[in-house]
Amino acid sequence: DGNSKMDQNDLWGFVSKNDAVTTFFHGAGGHFVTKDENDLPVFTFGSDRDYSVTEQILNMALDDQNFFNQHTYGTDVITDQMYTQMFMEGHGLFFWLRLDDIEFMRSSETDFGVLPTPKYDEAQENYYSTVSIHTTGLLSVPVTTSDPARTGMILEALSAESKNTVQPAYYDVCMTSKFTRDTESGEMLNIIMAHRTYDLGCVFSFGDFANQYQEMAMKKNRDIASLVAKNESKVQSAIDKVVAKFQDIGN
């Protein structure tokens, strides 16, 4: 806009947040924590492929002439509303968002379509899309519950009814038809939903590694090897503690 610096008033190749670093890693088929032959979680980040994927993600995310990261500016400076408004007003070619943000795009005069997170390469069989820990809703049952079996049965019944009624109404009717503007976007949403990805490293935040990985772009840090070396033992120690607690419950 003529003020000699890139900001929310300029045109960007990618309008995004820190979250994109993690979602692109998952989109490439990566996981921080997987399960071993005994069905127990284990920290598995660190393959040559993981490093290659991370390097390419950071090359993209640290390009401050093309990649707008809201978190770099601070959410108090560039609010979520302003961040979304940037794309709605045509300031970005690509826009990273959560699915519920599509609803807010209905009022945009800028035409748009939906795409899944890209694959790592053509050899990758499926597209993978992250289930965000930041917006996923969960229910907790307090220890003071007098009849946990009854509570569990009620929660299961409500969840099943939600899947059978609310989800189709929201996804099949609203998301794939009312909120999007073309049939191709509906097809893309089906691909996204079919290959949703949960990463135990994010869900349990073992050793805070997933969070630190996600913040690498904001902190302009490319040294993933040092991050792994610094946190590997912490992550495994946190995993061991959680596993022990679950085993105690089972006994």
Side-chain angles (χ1 to χ4, degrees), residues 1-28 53-120 127-136 170-171 174-193 197 211 213-222:
D1 61 358
N3 65 356
S4 301
K5 66 177 182 179
M6 294 292 290
D7 56 29
Q8 71 270 21
N9 300 311
D10 294 301
L11 302 180
W12 297 82
F14 204 119
V15 178
S16 187
K17 299 187 180 189
N18 281 340
D19 307 52
V21 175
T22 299
T23 55
F24 270 73
F25 176 66
H26 289 152
V53 169
T54 301
E55 180 181 7
Q56 293 185 50
I57 292 172
L58 292 176
N59 285 341
M60 173 191 67
L62 290 173
D63 181 355
D64 58 10
Q65 297 299 300
N66 292 290
F67 189 94
F68 178 92
N69 184 347
Q70 182 202 8
H71 287 108
T72 299
Y73 291 81
T75 53
D76 56 334
V77 178
I78 308 295
T79 64
D80 277 349
Q81 182 179 3
M82 187 183 299
Y83 159 77
T84 305
Q85 198 71 23
M86 284 177 62
F87 185 73
M88 292 173 66
E89 295 177 353
H91 286 274
L93 179 60
F94 290 97
F95 178 47
W96 180 92
L97 49 65
R98 301 183 179 104
L99 285 185
D100 60 346
D101 289 329
I102 295 177
E103 180 178 349
F104 300 107
M105 294 296 298
R106 293 186 71 184
S107 61
S108 173
E109 295 182 3
T110 301
D111 201 9
F112 70 94
V114 178
L115 291 171
T117 305
K119 297 179 179 180
Y120 176 63
Y127 290 93
Y128 300 106
S129 298
T130 303
V131 176
S132 174
I133 62 170
H134 302 293
T135 54
T136 301
Y170 179 74
Y171 178 74
C174 295
M175 190 65 74
T176 60
S177 58
K178 290 185 178 181
F179 297 161
T180 52
R181 303 185 179 183
D182 52 66
T183 56
E184 289 85 356
S185 288
E187 294 170 1
M188 295 300 102
L189 285 168
N190 289 335
I191 292 175
I192 291 170
M193 296 297 287
T197 295
N211 182 58
Y213 181 93
Q214 182 163 289
E215 293 183 346
M216 290 184 72
M218 182 180 70
K219 296 180 178 179
K220 302 186 185 303
N221 175 25
R222 292 179 178 271

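Residue numbers run from 1 in the order of the sequence given.
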Minimal non-hydrogen separation, [X] against [Y], with atom names:
X	Y	answer
Thr110	Gly90	OG1-N, 3.5 Å
Val114	Ile102	CG2-CD1, 3.9 Å
Val21	Ala61	CG2-CB, 4.3 Å
Met188	Pro116	SD-CD, 3.7 Å
Gly13	Leu93	O-CB, 3.4 Å
Tyr120	Ala28	CB-CB, 3.6 Å

Test side chain to side chain contact (heavy atoms under 4.5 Å, CB included) applied to Lys17 and His134, step by step: CA-CA 12 Å; Lys17 299 187 180 189; His134 302 293; over 6 Å; no
Is a donor on one side and an acceptor on the other found under 3.5 Å between the side chain of [X] and the backbone of [Y]?
X	Y	result
Thr23	Ala20	yes
Thr180	Met175	yes
His91	Asp10	yes
Trp12	Asp7	yes
Asp101	Arg98	yes
Asn59	Glu55	yes

Using 0.5 Å steps for rounding, measure from the [atom1] atom of [X] to the [atom2] atom of [Y].
X	Y	atom1	atom2	result
Phe112	Asp182	CZ	CG	8.0 Å
Ser108	Glu89	OG	CD	8.5 Å
Thr197	Phe25	OG1	CZ	11.0 Å
Ser16	Met60	OG	CE	6.5 Å
Glu184	Glu187	CD	CD	6.0 Å
Thr79	Gln70	OG1	CD	7.0 Å

Met216/Arg222 under side chain to side chain contact (heavy atoms under 4.5 Å, CB included): CA gap, chis, key distance, verdict: CA-CA 7 Å; Met216 290 184 72; Arg222 292 179 178 271; 5.6 Å; no
Steps toward side chain to side chain contact (heavy atoms under 4.5 Å, CB included) verdict (Tyr171, Thr176): CA-CA 6 Å; Tyr171 178 74; Thr176 60; 3.8 Å; yes
Phe87-Phe94 aromatic ring centre distance below 6.0 Å: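 No, ring centres 6.0 Å or more apart.
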Output field: ring centroids Tyr73/Phe68 closer than 6.0 Å: yes
Pair His26-Thr130, side-chain donor/acceptor within less than 3.5 Å: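 Checked: His26/Thr130 side chains pair up, N/O donor to acceptor below 3.5 Å.
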Flag for Asp19-Thr22: side-chain donor and acceptor within less than 3.5 Å: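 Not at all, the side chains of Thr22 and Asp19 share no donor-acceptor pair under 3.5 Å.
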Heavy atoms from other residues, nucleotides or ligands near OH of Tyr127 exceed 12 (cutoff 6.0 Å): no
Neighbour count above 12 (heavy atom, 6.0 Å) for Tyr170 OH: yes
Close side-chain approach of Thr117 to Trp96, heavy-atom, < 4.5 Å: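 No, too far: nothing below the 4.5 Å cut-off.
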Residue pair Tyr128, Lys119: steps toward the side chain to side chain contact (heavy atoms under 4.5 Å, CB included) verdict: CA-CA 8 Å; Tyr128 300 106; Lys119 297 179 179 180; over 6 Å; no
Step-by-step side chain to side chain donor-acceptor pair (under 3.5 Å) determination, Asn69 to Tyr83: CA-CA 9 Å; Asn69 184 347; Tyr83 159 77; over 6 Å; no
